[in-house]
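The structure appears right after this line, and notes come after that.
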There are 2 protein chains.
Amino acid sequence: MEGHEDIEEVLSRLKAEDFKLTQQRRLIVQKLLSDEDNHPSAEEIYHMVRSEDPEVGLATVYRTLDLLQRLDIVHKVNFGDGKARYEMRGEQHQHHHLLCTECGLIHEVGEDLLGEVEEKLTARTGFRISDHDVKFYGLCPDCLCSEVQAEAQQ
Amino acid sequence: MEGHEDIEEVLSRLKAEDFKLTQQRRLIVQKLLSDEDNHPSAEEIYHMVRSEDPEVGLATVYRTLDLLQRLDIVHKVNFGDGKARYEMRGEQHQHHHLLCTECGLIHEVGEDLLGEVEEKLTARTGFRISDHDVKFYGLCPDCLCSEVQAEAQQ
DNA sequence: ATCTCTGCAAACCATTTGCAACCGT
DNA sequence: ACGGTTGCAAATGGTTTGCAGAGAT
């Protein structure tokens with residue numbers, strides 16, 4: 001979707017913080033980077049990794065994701081379907097998610113449009129806002145189109 | 001925090017949809033209304049209800065919350081602490097939550113400030129947006145103050 | 001009297017944890 | 001060789017479900 005850091009950069013960050021560069025961690029980062037637009041869950045990452053090394057355990061995937069998250073390399077998102085999903089943090093720190101309630105499509109909006117809103121909130125509440133978590137729900141263009149057609153047929 | 005519908009109004013909505021008005025449902029709605037500012041979890045509602053009728057089961061609380069949610073009477077929110085929380089849907093349909101990352105305070109902002117952002121997103125993506133889920137994270141005024149004092153002491 | 005609703009306990013499912021073996025440094 | 005890291009299996013914790021009995025209409 002946009003230019004990402006490559007594997008080596010991520011791995012060198014791990015090394016810099018004195019974490020070991022295991023094959024498992026390498027694989028997990030690699031799969032995470034290659035499947036970035038899909039917002040994979042831990043289980044899905046586990047399967048992707050397993051297709052290359054069937055010895056890797058699910059617990060390791062969870063532990064690695066947790067580590068990457070603490071290092072701000074990975075972002076954990078919750079779309080309300082009962083499992084967490086993970087995405088690399090790109091250079092753009094914030095982006096928004098649009099979820100289609102019909103087909104489940106997840107559309108990303110690269111820009112952060114909430115700066116103004118946060119300023120208003122700071123002025124109004126005295127909070128020092130440092131982060132936000134935003135999801136928009138609605139119909140994607142395709143499903144919207146199908147709905148209009150269905151209405152016309154009645 | 002703001003004028004809510006009273007119990008009778010909610011219960012008559014249930015009756016209108018042909019659901020039975022049981023003592024358990026009465027109690028759950030009542031506790032939900034009386035504890036509106038606290039964003040109780042299912043377990044917390046369960047305890048509140050149990051203080052009045054120790055026979056009520058946790059499953060009933062979950063089933064009732066699910067029902068109320070389907071009828072748009074209750075809104076389920078996820079603050080990322082592993083359990084869902086519930087609040088009555090007031091007349092104002094949307095509001096935002098500000099979460100203090102230090103003390104856990106949850107501050108509500110009654111107004112919906114996202115209309116403009118949604119318009120931009122619609123224009124940009126073609127989605128027909130119908131709802132959103134927004135949380136802001138930061139320091140509440142009190143914790144911000146404590147932090148400033150701590151810095152001064154160094 | 002009917003049929004929904006309830007309580008209980010067991011099932012579920014994502015995630016976490018204890019522990020002995022393993023492997024990157 | 002040391003100590004972080006792993007795989008396994010068991011534990012956890014919130015939520016759901018099957019079922020027989022209870023209660024609202």
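Just so it is clear, the structure is predicted and the values come from calculations on it, not from any experiment. In the text below, chain A, chain B and the rest are named by the order of the sequence lines, each starting its count at 1.
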- prompt: How many Å lie between CD on A/Gln24 and P on C/dC23, as a whole number?
  reply: 9 Å

query: Do B/His97 and B/Val77 come within less than 4.5 Å of each other through their side chains, counting heavy atoms only?
result: yes

Within the sub-3.5 Å range, which N or O atoms of nucleotides 20-23 of chain D have a protein N or O partner, and how far apart are they?
from: D/dG23; atom 1: N2; to: B/Lys20; atom 2: NZ; distance (Å): 3.2

- request: Check whether any side-chain heavy atom of A/Asp133 sits under 4.5 Å from a side-chain heavy atom of B/Phe136, and report yes or no.
  value: no

query: Atom CG of A/Leu67 and atom P of D/dT5: how far apart are they, to the nearest Å?
result: 7 Å

query: Whole Å only: how far is the CG atom of A/Leu21 from the C1' atom of D/dG3?
result: 16 Å

Pairwise side-chain contact, B/Leu99 with B/Leu105, heavy-atom cut-off 4.5 Å (strictly under): no

- prompt: Quick one: does A/Leu33's side chain get under 4.5 Å of A/Glu36's, heavy atoms only?
  reply: yes

- request: Using atom CG of B/Asn78 as one end and atom P of D/dG14 as the other, report the distance to the nearest whole Å.
  value: 13 Å

query: A/Tyr46 versus A/Thr60: any side-chain heavy-atom pair under 4.5 Å?
result: no

Find every protein N or O atom lying less than 3.5 Å from an N or O atom of nucleotides 16-18 of chain C, and list the pairs.
from: C/dG18; atom 1: O6; to: A/Arg63; atom 2: NH1; distance (Å): 3.3

query: Counting only heavy atoms not in A/Glu116, do more than 12 sit closer than 6.0 Å to its CD atom?
result: no

message: Quick check for you: among D/dT15, C/dC8, C/dT15, whose closest atom lies nearest to any side-chain atom of B/Arg50?
response: C/dC8

message: With a 4.5 Å cut-off on side-chain heavy atoms, are B/Pro40 and B/Met48 touching?
response: yes

message: Are there over 12 heavy-atom neighbours, none belonging to B/Glu102, within less than 6.0 Å of that residue's CD?
response: no

- request: Could you check if a side-chain atom of A/Arg89 sits within less than 4.5 angstrom of a side-chain atom of A/Ile73, using non-hydrogen atoms only?
  value: no

field: Protein-nucleotide distance (A/Gln23, atom CD; D/dG4, atom C1'), rounded to Å
entry: 17 Å

- line: Among the nucleotides D/dT6, C/dT6, D/dT15, whichever has the atom closest to the side chain of B/Arg25 is C/dT6

- prompt: Which residue, B/Phe19 or B/Pro54, contacts DNA chain C at a nucleotide closer to its 5' end, judged by nearest heavy atom?
  reply: B/Phe19

task: Please report how far the helix from C/dA1-D/dT25 to C/dT25-D/dA1 bends, comparing the axis fitted to its first five pairs with the axis fitted to its last five, to the nearest 10 degrees.
output: 30°

message: With a 4.5 Å cut-off on side-chain heavy atoms, are B/Asp112 and B/His132 touching?
response: yes

- request: Check the distance between D/dT15's C1' and B/Gln69's CD and give it to me in whole angstrom.
  value: 13 Å

Protein-nucleotide distance (A/Asp53, atom CG; D/dT6, atom P), rounded to Å: 12 Å

message: Under 6.0 Å between ring centres: does that hold for A/His39 and A/Phe79?
response: yes

- prompt: When the distance from OH of B/Tyr46 to P of D/dG14 is rounded to whole Å, what number comes out?
  reply: 13 Å

